[in-house]
Structures are given as structure tokens and as C-alpha cells.
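A short worksheet on the structure shown next.
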There are 2 protein chains.
Amino acid sequence: MSKPDAGPAEPVRRMRRAERREQILDAATRAFARAGYAATGLDNIAAEAELTRAMLYRHFDSKAALYRAVLDRACARLAEATGGDDYDDDAIPALLRAAGADPDGFRLLFRHAAREPDFRELIDTITDASREVARRNLARRIPAGPWLDWAANLVPAFTLEAVIAWLDADRPDPEQAAARIAAAVHGVIAAAQPAAQSAVLSAGLSAREAS
Amino acid sequence: MSKPDAGPAEPVRRMRRAERREQILDAATRAFARAGYAATGLDNIAAEAELTRAMLYRHFDSKAALYRAVLDRACARLAEATGGDDYDDDAIPALLRAAGADPDGFRLLFRHAAREPDFRELIDTITDASREVARRNLARRIPAGPWLDWAANLVPAFTLEAVIAWLDADRPDPEQAAARIAAAVHGVIAAAQPAAQSAVLSAGLSAREAS
DNA sequence: CTACATGTATACTTTGCCTTCTACAAGTGG
DNA sequence: CCACTTGTAGAAGGCAAAGTATACATGTAG
């Protein structure tokens, strides 16, 4: 009934400390990305890393510390991949590169961590910055008021949704994706402008009739 | 040191069972909407409802049962307010009405419940339906393939983001909001079409130059 | 008046999961 | 060979939050 012991049964991969740490962070990122902090047990992470729970504690003080390390790394990678906080023509391609390079981390940050009260602070710096950048850019075309607030919240949120949808669609053609997302963002901005009533709205109506 | 007992000190609101149940659901919706299922304790809910924890158990068997009741009610209200699953000119105004009538429930459903493994089934019927409706409509303009998948995921997600952003911006002018969201959706759809390379992209470029 | 539904208050039990501890095995560098 | 690191396996502790129990108070309907 016991295992026939097929050969040496995998001689247990040993790694040096730093290497193992990274491997644990990889596994933890995958595990947390599936269900978020609360719904992910250390057992899940240990299984994902193919290690015992005890080993996790030789690298991290607590579940919360591990999670912070995961989020910090994801944030750092994102910050590095996207460069500065400015919004230029490379912003969307950079975002796609970042998401493509670390899809689990990307999803974890924006689908889960952003909603978790105990950890949202870690990424609020990012989201706050994007909102402010968006607000500054939009302020040239939209008068201060509720619609500016609306657009300044919506544009970054939409961009992230578009990137995640691109990940979910198996990341087709990054260049084309960047162009499409940029165009879509533009459509959203156009709809947020005061002129929307005449120009864009009527375009929307005629297009809807055509459908 | 004890309270000076300022008068009758509120004679304790008594309610009939059904009425109290609804009031608990209201309070629980608010509480859960702040932090989601895991991060919200029964004490938070009891405090929000101005009741003791014990009373919650006279109306609901467990925390999970209470949460399900909350989500079920929010789903039911949403389904009722939006009518059928079809997408017509009234779809977006209906969504705005629904969100405005039950903002906490709306946010709870789409910001938290949609990400919670144990409960996402409850609203997956809704999100799956929207995605399929979007896919059918988009299939007329976008050939089957990854970009259709992308757009079919993105359009409903964007619409929800736009509605939530509208809630966050203190719900300015519902009619104008509907028009702007419809126009924005159109911009997104246009960007998802194959023609995007020529028409919309160049529009995006020229607009970017103008900024 | 009486019975019951509604409510408070608080102490207690249970449970799940994080966290710690102990014992042992095996690869690696000096 | 020896010290050290990396690893397994599993038991046991601890704590926060869910869930249960009991005693008592008070409107309200029959």
C-alpha cells in the first residue's frame, strides 16, 4: 500500500537562502493572487512553494510580513518597469510590459491588495499618484467639478482594467494592445469633456443605431 | 463616574421580526461594503445595526448565512432595477438607478464579493451574463479572437467602474452620467475594433498632440 | 394578566489558523 | 570529519473571532 518508491524520489531541491527566498515570494505571489490575503492559508503557500510551513517561518516572521514582502516586491517591480510618475506616450506600453513581466503580482496588487484595509496603504501611493497625474492632465480640458473628479478616478481605473483584461486574453500583441488601450482611454476622456453632449454623444447615438 | 442617565436614555427601538431583519441587512450591507467578508467582524455589524451580537443569531444562522442574505438581496434589487438581461438604450440609466438606489450593495457586489472565492458564484451569474451579452453585441463588429475576448471582458468591467466612479463623485446628474458613460463605452468599443489602427488611433494621436 | 416576542448583557465554548517547538535527515564547505 | 545550513515531519501552543448559553428586562397581543 505504501509508495513503491520509484527511484530516488526527487532528492529534495536545496537552495541557498536568497534564492529560496525569491522562490517563496514567487509561490506566495501566485497563491495570494488567487484569493487575496485572508482567504489564503500558509498551507496553500507552502504547497505552492513545495515546502513545509516551518520553512516559511525561517524566511519570514509572519504571514503579514510575507504578504508585505510580496507586495513590496510587486510594487518595486512595477515602479521600476514604469519609470517615473509622468504620463507620456510610453506610459501604457510600460504598464503592459510590467504586467506581462509579473502578471500575478500585477493582478494581486490591483484586484486584491487595493481592497484590503490592512494593506491598501502600500499601493495607495501608486493609485493616488496616478489619479493626480490624470487629474492634472484632464484639468486642461475639463473644468473643475464633479466630472473632473469622475474622470480622474475613472481613467486610471479603466487603464488597469484594460491591462488586466489583456492579461486574461492571453496577452495578444503588446504593441497593438497599447494602441488600442490608448485609443480607448481617449474615448473615455472625450466622453468626460463638456463637449460630450454635442459631439461624442451624437456619435454614440448614431453608432448605436447602426448596431 | 457612571452615566448621569440623561432622561429615559432612548427607550430601545423595538421592531417586528421582518422589519428588524431588513434593518440588520441594511447595516450589514454598509459594514461589509467597507472591508468585505473576512475583514468584517460580527461585532462591526452589531455595532452598525446598534444591536448585540446575540440578536444577529436570532435572525441568521451564521456569518456566512448573513452575508449570503445580504448578497442575495443586493443581487435581487439589481436584477429588478435593471430588468432583463438585454442591453438596450435603457441599460446604463437602469444601472445608474440601481446603483443610486443601493450604493452600498452595489459597491459590495462588485468591489468585494466578486473577488471572494466562497461567494463569487452568487454574482458570477450576473457578470457571466453581462459578458455574454457584450460578446454577442461586439461580435457584429469584432472578429472572433483574442480582441473579442478582451473587449467582451472589458466593456462590462469598464461600465461598472464608471458607475462606481459616479457614485464616488457624489452622483452628479444621472442623465448626463448615462450619456457620458454610453459615449465612453462607445469609445472603448471603437478602440477594440480592427479599424482602430487607422481611424481611432490617429484620432488618439492628434488629440494627444493637442494636449 | 399572561404569554410571547423582542431585546440587553455577559460569560462560556469551539474552531480555525497562525505560530512555535522539537526531533531528525541530508547536502555542503572548510 | 565536523560544523553549519537547508530541509522534513508533526505535535503542541495561543489567540482572535465565530458561535452558544443563560439570566433577565420590557413592550405588545390575545
Side-chain angles (χ1 to χ4, degrees), chain A residues 2-3 5 7-28 31-32 34-71 116-119, chain B residues 2-3 5-28 31-32 34-71 112 116-119:
Chain A
S2 62
K3 280 196 234 170
D5 197 341
E10 303 171 35
V12 179
R13 298 264 307 198
R14 287 176 71 97
M15 299 181 183
R16 283 188 303 287
R17 187 173 175 78
E19 186 186 2
R20 177 61 84 186
R21 186 189 153 93
E22 288 302 302
Q23 187 252 340
I24 290 175
L25 287 176
D26 291 342
F32 281 130
R34 283 198 288 271
Y37 180 75
T40 303
L42 288 179
D43 289 332
N44 300 315
I45 298 164
E48 184 74 38
E50 298 182 287
L51 274 179
T52 53
R53 250 187 0 265
M55 280 306 296
L56 300 179
Y57 281 98
R58 294 215 196 166
H59 289 267
F60 300 95
D61 288 340
S62 66
K63 185 189 177 187
L66 170 55
Y67 195 57
R68 281 181 195 283
V70 165
L71 295 182
E116 290 160 350
D118 293 353
F119 303 99
Chain B
S2 61
K3 283 197 229 167
D5 197 342
E10 303 171 35
V12 179
R13 294 265 310 203
R14 287 177 70 98
M15 298 181 184
R16 283 187 302 285
R17 188 172 173 79
E19 185 186 2
R20 176 62 80 187
R21 187 188 153 94
E22 288 303 301
Q23 187 254 340
I24 290 175
L25 287 175
D26 290 343
F32 282 129
R34 283 198 288 269
Y37 181 76
T40 304
L42 288 178
D43 289 329
N44 302 156
I45 298 164
E48 184 73 38
E50 298 182 286
L51 274 180
T52 54
R53 247 191 7 265
M55 279 307 295
L56 299 180
Y57 283 100
R58 295 217 197 168
H59 289 267
F60 301 94
D61 288 340
S62 66
K63 185 188 177 186
L66 169 56
Y67 194 56
R68 281 181 195 282
V70 165
L71 295 182
H112 291 107
E116 290 161 350
D118 293 352
F119 303 98

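In what follows, chains are A, B, ... by sequence order, proteins preceding strands, each numbered from 1.
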B:Met55 atom CE is separated from D:dT20 atom P, nearest whole Å, by 16 Å
Starting at atom OH of A:Tyr57, determine the distance to atom P of C:dC18, rounded to an integer number of angstrom. 7 Å
With a 4.5 Å heavy-atom cut-off, do A:Ile45 and A:Phe32 have their side chains touching? yes
As an exercise, state the distance from CZ of A:Arg16 to CZ of A:Arg21, rounded to the nearest 0.5 Å. 16.0 Å
The side chain of A:His59 is closest to which nucleotide in this list: D:dG19, D:dG7, D:dT6? D:dG7
Stepwise side-chain contact (heavy atoms from CB on, under 4.5 Å) test for A:Phe60 and A:Leu25: CA-CA 10 Å; A:Phe60 300 95; A:Leu25 287 176; 3.7 Å; yes
Looking at the side chain of A:Arg20, which of D:dG7, C:dT19, C:dT6 is the nearest nucleotide? D:dG7
Review item, nucleotides 28-30 of chain D N/O atoms under 3.5 Å of protein N/O:
none

Mind checking whether A:His59 and A:Arg17 have side chains closer than 4.5 Å, heavy atoms only? yes
Rounded to the nearest angstrom, tell me the gap between atom CD in A:Glu19 and atom C1' in D:dT5. 14 Å
Separation of B:Leu51 atom CG from C:dT10 atom C1', in whole Å? 16 Å
Could you tell me how far apart A:Leu66 (CG) and C:dC17 (P) are, to the nearest whole angstrom? 17 Å
Return the set of residues passing side chain to side chain donor-acceptor pair (under 3.5 Å) with B:Asp26 (not counting sequence neighbours), or none when no residue passes. B:Arg73
Distance in Å, B:Arg20 CZ paired with B:Leu51 CG, rounded so as to fall on 0.5 Å steps: 4.0 Å
Take the protein atom CE of B:Met15 and the nucleotide atom P of C:dT8, then report the distance between them rounded to whole Å. 11 Å
Summarise protein proximity over nucleotides 9-17 of chain D in one line of letters, 5' to 3': B for base, S for sugar-phosphate only, - for none, counting protein heavy atoms closer than 4.0 Å. --B------
Please tabulate the protein-to-nucleotide N/O contacts below 3.5 Å involving nucleotides 13-15 of chain C, giving atom names and distances.
none

Can B:Glu22 and B:Glu19 be said to form a side-chain contact (heavy atoms from CB on, under 4.5 Å), step by step? CA-CA 5 Å; B:Glu22 288 303 301; B:Glu19 185 186 2; 6.0 Å; no
Using atom CZ of B:Arg21 as one end and atom C1' of C:dT6 as the other, report the distance to the nearest whole Å. 16 Å
All N/O donor-acceptor pairs, side-chain side in residues 34-42 of chain A, below 3.5 Å, sequence neighbours left out:
from: A:Arg34; atom 1: NH1; to: A:Glu48; atom 2: OE1; distance (Å): 3.3
from: A:Arg34; atom 1: NH2; to: A:Glu48; atom 2: OE1; distance (Å): 2.9
from: A:Tyr37; atom 1: OH; to: A:Ala64; atom 2: N; distance (Å): 3.4
from: A:Thr40; atom 1: OG1; to: A:Gly36; atom 2: O; distance (Å): 2.6

Salt bridge (Lys or Arg N to Asp or Glu O under 4.0 Å) contacts in which one or both residues fall within residues 53-68 of chain A, not counting sequence neighbours: A:Asp43-A:Arg53, A:Arg68-A:Glu121
Mapping B:Asp61 and A:Arg17 onto DNA chain D by nearest heavy atom, which one lands closer to the 5' end? A:Arg17
